[in-house]
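Working notes for the structure below.
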Number of protein chains: 2
Amino acid sequence: MTAIVLVEPTLPENVGAAARALANFGLTDLRLVAPAFEHGADHPRALAAAAHGDAVLRAARTYPTLAAALADRRRVWATTARVPELPLPAVGPRALGAALRAAEAEGAAPAVVFGPERTGLRHADIALADAIATVPTDPACPSLNLGVAVALVAWERAAAAGEPPSTGPLPASREAFEGWFAAFAEAIERAGYLTDPTLRVRALRNLRGAFARAGLTEAELHTLRGVVGALGRRRE
Amino acid sequence: MTAIVLVEPTLPENVGAAARALANFGLTDLRLVAPAFEHGADHPRALAAAAHGDAVLRAARTYPTLAAALADRRRVWATTARVPELPLPAVGPRALGAALRAAEAEGAAPAVVFGPERTGLRHADIALADAIATVPTDPACPSLNLGVAVALVAWERAAAAGEPPSTGPLPASREAFEGWFAAFAEAIERAGYLTDPTLRVRALRNLRGAFARAGLTEAELHTLRGVVGALGRRRE
């Protein structure tokens with residue numbers, strides 16, 4: 001399973017937010033390197049921000065150095081906004097999500113490392129990684145909140161397994177739709193809507209397009225049949 | 001351009017975090033419906049959380065009702081964890097990102113609506129949308145932080161335009177690599193490494209695989225040539 005490593009985080013809220021994001025997306029292994037606040041993962045503001053991710057936060061381990069936090073890892077990505085002058089491959093979040101899944105599948109115990117909020121990872125820490133991961137952001141506002149950055153990586157790893165298909169109401173069969181539309185056309189013809197046949201044909205074609213686009217269900221056709229019937233009776 | 005609408009947000013920090021996420025990913029149109037705190041977008045804790053997204057936050061408009069906030073929009077997605085009993089299509093974040101881009105391209109002024117932190121969108125608010133968007137999360141910890149949820153949607157919209165290609169150091173030409181490896185093999189043979197020819201061939205094959213996997217650059221080959229030369233001289 002992928003480990004998320006936070007190097008010298010300065011705000012307990014962000015550590016809590018990171019724990020929550022791990023829990024949201026099925027990760028459990030959070031590691032802290034020399035946090036810059038007391039009580040580490042037990043800080044009350046961290047616990048408050050973790051919400052239902054508090055179990056991940058309480059299970060987080062603290063290490064004195066990044067090297068110690070990475071000791072059991074086999075593939076390591078360092079996140080950074082500025083790609084440094086190092087001979088390392090660099091990937092975006094989507095490619096990272098797929099690579100984390102692949103590394104987990106081969107048993108390679110991957111880790112993604114995040115730096116302190118204000119400064120990001122130091123050059124010496126990035127040099128401990130095999131590769132760099134960067135989230136492309138607007139140059140006018142490039143810096144991501146730490147909890148958001150962790151959430152994006154956790155989300156992309158989860159999404160790499162495939163997003164559930166889009167769903168929606170099941171449109172009626174063409175037979176049911178055409179049957180209803182013929183009855184509708186007959187009703188409005190009977191009601192005297194547009195006596196000019198050319199105009200009426202054009203209007204019906206436009207109405208047909210609008211109803212077709214809606215992908216009406218059988219139940220909706222049934223309702224509309226009742227509505228049109230009621231309107232017709234009222235007029236008579 | 002896509003508008004992000006926050007209905008009755010309760011924590012100024014989350015509104016600030018949302019503004020920052022918009023700015024991170026090239027969005028500018030943030031709308032608040034009846035925020036549950038005073039000073040709206042000017043709340044000091046919102047401004048602190050917005051960081052360099054403060055311009056987006058200051059430009060946010062406040063509306064009394066969701067209907068008012070959506071008046072100029074043409075396609076509207078409501079975000080919700082539980083897909084409600086409504087005849088609306090439902091999409092995941094990736095499909096939503098692509099749909100927002102498509103809606104922007106057709107000039108359809110899209111909006112994505114987010115509910116209050118604790119309760120999510122009310123049924124009556126969801127009913128104002130054309131479609132539902134849901135982020136698939138772990139059932140054990142399904143609820144996303146509001147700022148994170150906004151960031152995921154903004155990120156997916158940005159990423160739908162395509163992620164920059166992965167990059168890395170350019171491997172040397174095969175000719176340069178083979179030339180170097182032949183010299184390396186000769187040097188270690190001269191040094192008397194493994195006198196048994198069968199074992200030496202096998203060891204060289206394994207070393208060759210390791211060096212090939214690294215995708216060594218021309219500069220790295222040059223360095224390695226120097227290293228091997230120095231080691232050879234030292235031994236002699």
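Order of the sequence lines sets the chain letters (A, B, ...), proteins ahead of strands, with each chain counted from 1.
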Quiz item: Would you find more than 12 non-hydrogen atoms of other residues, nucleotides or ligands less than 6.0 Å from A:Arg73 atom CZ?
Solution: yes
Quiz item: Contact part of B:Val150 toward chain A, heavy-atom cut-off under 4.5 Å: side chain, backbone, both or neither?
Solution: neither
Self-check item: Region of A:Leu88 in contact with chain B, defined by heavy-atom distances below 4.5 Å
Solution: backbone
Exercise. Counting only heavy atoms closer than 4.5 Å, note whether A:Ala158 contacts chain B via side chain, backbone, both or neither.
Key: neither
Quiz item: Counting only heavy atoms not in B:Arg31, do more than 12 fall under 6.0 Å of its CZ?
Solution: yes
Quiz item: Of the non-hydrogen atoms in B:Ala159 and A:Arg94, which two are nearest, and what is the gap between them?
Solution: CB-NH2, 3.6 Å
Quiz item: Side chain, backbone, both or neither: which part of A:Val56 has a non-hydrogen atom closer than 4.5 Å to chain B?
Solution: neither
Quiz item: If every non-hydrogen atom of B:Gly53 is compared with every non-hydrogen atom of A:Cys141, which pair is closest and at what distance?
Solution: N-SG, 3.9 Å
Quiz item: In terms of heavy-atom pairs under 4.5 Å, which option from B:Ala21, B:Ser143, B:Ala49 contacts chain A the most?
Solution: B:Ser143
Practice problem: Please indicate whether B:Arg101 has more than 12 foreign heavy atoms, meaning atoms of other residues, nucleotides or ligands, lying under 6.0 Å from its CZ. | Solution: yes
Practice problem: Over all heavy atoms of both residues, which pair between A:Ala95 and B:Ser166 is shortest? Give the atoms and the distance, please. | Solution: CB-OG, 3.7 Å
Quiz prompt | Residue selection (most heavy-atom pairs with chain B, distance under 4.5 Å) from A:Glu156, A:His52, A:Arg20 | solution = A:Arg20
Practice problem: Please look at B:Pro142 and chain A and tell me whether the side chain, the backbone, both or neither of the residue comes under 4.5 angstrom of a heavy atom of that chain. | Solution: backbone
Practice problem: Go through A:Gly147, A:Gly168, A:Ala151, A:Pro136 and name the one with the most non-hydrogen pairs under 4.5 angstrom from chain B. | Solution: A:Pro136
Quiz item: Which atoms of B:Leu152 come close to chain A, meaning under 4.5 Å heavy atom to heavy atom: side chain ones, backbone ones, both, or neither?
Solution: both
Self-check item: Portion of B:Glu220 that has a non-hydrogen atom of chain A nearer than 4.5 angstrom
Solution: side chain
Practice problem: Tell me, out of B:Thr217, B:Asn145, B:Val91, who's got the most heavy-atom pairs with chain A below 4.5 Å. | Solution: B:Asn145
Quiz item: Any side-chain heavy atom of B:Asp138 within less than 4.5 Å of one from A:Phe25?
Solution: no
Quiz item: For B:Pro93, is it the side chain, the backbone, both, or neither that has a heavy atom closer than 4.5 Å to a heavy atom of chain A?
Solution: both
